[in-house]
Amino acid sequence: MKIQNLNLVNNILLAPMAGITDLPSRLIARQYGVGLAFTEMVSANGLIREGIRSVELLRTIPEDRPLGIQLFGEDPAVLAEAARMVEGWGDLLDINMGCPVKKVVRSGAGSALMQTPQRVAAIVAAVRKATAGPLTVKLRAGWDAQSVNFLEVARIAVAEGADAVILHPRTRSQAFSGQADWRLIAELKAALPVPVIGSGDVFCAADGLRMLRETACDGIMIGRGSYGNPWLIRDLLLALQERPAPPCTPRERLATAMRHLQLTVTWRGPRRALLEMRKHLCWYVRGMPGAATFRIQVNQAADIPELMTALEHFFRAVEKGESQP
Ligand SMILES: Cc1cc2nc3c(=O)[nH]c(=O)nc-3n(C[C@H](O)[C@H](O)[C@H](O)COP(=O)(O)O)c2cc1C
């Protein structure tokens, strides 16, 4: 897939997810071959106030490429200034028009922009003027069931210079309930002259293949399906080549979870890692015998060595077939 001048090695993307897709998580996704990963959403206002080097969410390293940087905001001039600041920091810039969180929406940013198409036009035009690189917008279907306007908003964004559109086909009112309506992705693909990326409810390789088949979208974005399951990316890449995926062994799970933990210690420090890795480690063992006991240990662990020991014990027991459900 090509977005403006950015050639991607494949069309599997890691979704921007606040509180999840930090540098260590992106590096894990890259280990499994993801074609493009995004930062968590970054406040354009905050970026201007604090400066690029003090925004932890923008921390990256050369191996963390290609990288999409996602900004949120409501003021065209502020977003344009922020876009100028991040130019060259990553490989692509995305503007968040889908975040349903109250605090964000109240300021007129995120999915509130779906209610103000004229503002979308002003924002994309201003950002387009400020930067020359690949520019995308990430939309929801609309604000609510009565105002499904993704086609209108997407057309406006493209007319003002967006190079591709990402659609999570749920309304803001739906938040994450129900199912993503992939028919809307198909509609968008049929309507736009630029690449369309589908986001929503890809939890296994078969889902990804079905999204491609049913919508003809150009790229597949994986969000929650990657939780504790980064090999979904590899599985999907293999499935696209009609090749079977190797089962993920307990040994591989342990090695990946351990690397994720170590990367988080390295890049975020042990105190942060202890908190951040609780959820990830619980996701890595989800559905496996002994997961409930492990969850308690992880939440009670006082330091990183304790976490590592719990992880090793868990997987050793799984390998020996000793764990109790
Ligand atoms: C915890 C969480 C945080 C998210 N943060 C962002 C974000 O910062 N920016 C964004 O555009 N979308 C965000 N999303 C939405 C995802 O990018 C994605 O569009 C959505 O989860 C649907 O895809 P999925 O079903 O594969 O998870 C977030 C979703 C979750 C679950």
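Every number for a ligand or one of its atoms is a count from 1 in the order of the listing. The basis for the numbers below is simple: all heavy atoms, side chains too, and nothing from hydrogens, waters or symmetry mates. Start at 1 with the first residue, then count along the sequence. Given the structure is predicted, the values throughout are model-derived calculations rather than measurements.
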Taking atom types as modelled, find out whether Gln115 and Arg172 have a side-chain donor-acceptor pair closer than 3.5 angstrom. no

Asn96 versus ligand 1: do any nitrogen or oxygen atoms come within less than 3.5 Å of each other? yes

Any heavy atom of His168 under 4.0 Å from ligand 1? The part involved is side chain

Just verifying a value: how many Å separate Glu40 CD and Thr21 OG1, rounded to the nearest 0.5 Å? 5.0 Å

Pro230 versus Thr256, closest heavy-atom pair with distance: CG-CG2, 4.0 Å

Just to confirm my output: which protein heavy-atom neighbour is closest to atom 26 (O) of ligand 1, and how far is it? Gly223 N, 3.0 Å

Whether Gly225 lies under 4.0 Å from ligand 1, heavy atom: no

Criterion side-chain contact (heavy atoms from CB on, under 4.5 Å) against Val34, the qualifying member of Leu8, Val9, Ile28, Leu14: Leu14

Which bit of Asp201 is near ligand 1, meaning a heavy atom under 4.0 Å away: side chain, backbone, both or neither? both

Which of the ligand 1 atoms, numbered from 1, are nearer than 4.0 Å to a heavy atom of Tyr227: 1 (C), 31 (C)

the protein heavy atom lying closest to atom 3 (C) of ligand 1 turns out to be Ala18 N, 3.3 Å

Quick one: do the Asp144 and Thr171 side chains pair a donor with an acceptor below 3.5 Å? no

4.5 Å side-chain heavy-atom contact, Gln31 and Arg259: yes

Please walk me through it: do Asp201 and Asp207 pass side-chain contact (heavy atoms from CB on, under 4.5 Å)? CA-CA 8 Å; Asp201 298 354; Asp207 290 339; over 6 Å; no

How far is atom 18 (C) of ligand 1 from the closest protein heavy atom, and which atom is that? Ser199 OG, 3.3 Å

Close N or O approach (Lys138, ligand 1; < 3.5 Å): yes

The atoms of ligand 1 lying under 4.0 Å from a heavy atom of Ala15, numbered in the order shown, are 17 (O)

Say whether Phe38 and ligand 1 are in contact under the criterion: heavy-atom distance to a ligand atom below 4.0 Å. no

Atom 13 (C) of ligand 1: the protein heavy-atom neighbour that sits closest, reported with distance to 0.1 Å: Pro16 O, 3.0 Å

Short N or O distance, Phe176 and ligand 1, threshold 3.5 Å exclusive: no

Taking all heavy atoms of Ala125 and all of Glu160, pick out the closest pair and write down the distance. CB-OE1, 3.4 Å

Measure up the His260 and Tyr284 rings against each other and bin them: parallel (under 30°), tilted (30 to 60°), perpendicular (over 60°). perpendicular

Pick one of side chain, backbone, both or neither for how Phe72 approaches ligand 1, counting any non-hydrogen atom pair under 4.0 Å. neither

Determine whether the aromatic ring centres of His168 and Phe150 lie less than 6.0 Å apart. no

Residue part near ligand 1, for Met17, under 4.0 Å between non-hydrogen atoms: both

Atom 9 (N) of ligand 1: of Lys279, Gln70, Met41, the nearest heavy atom sits on Gln70

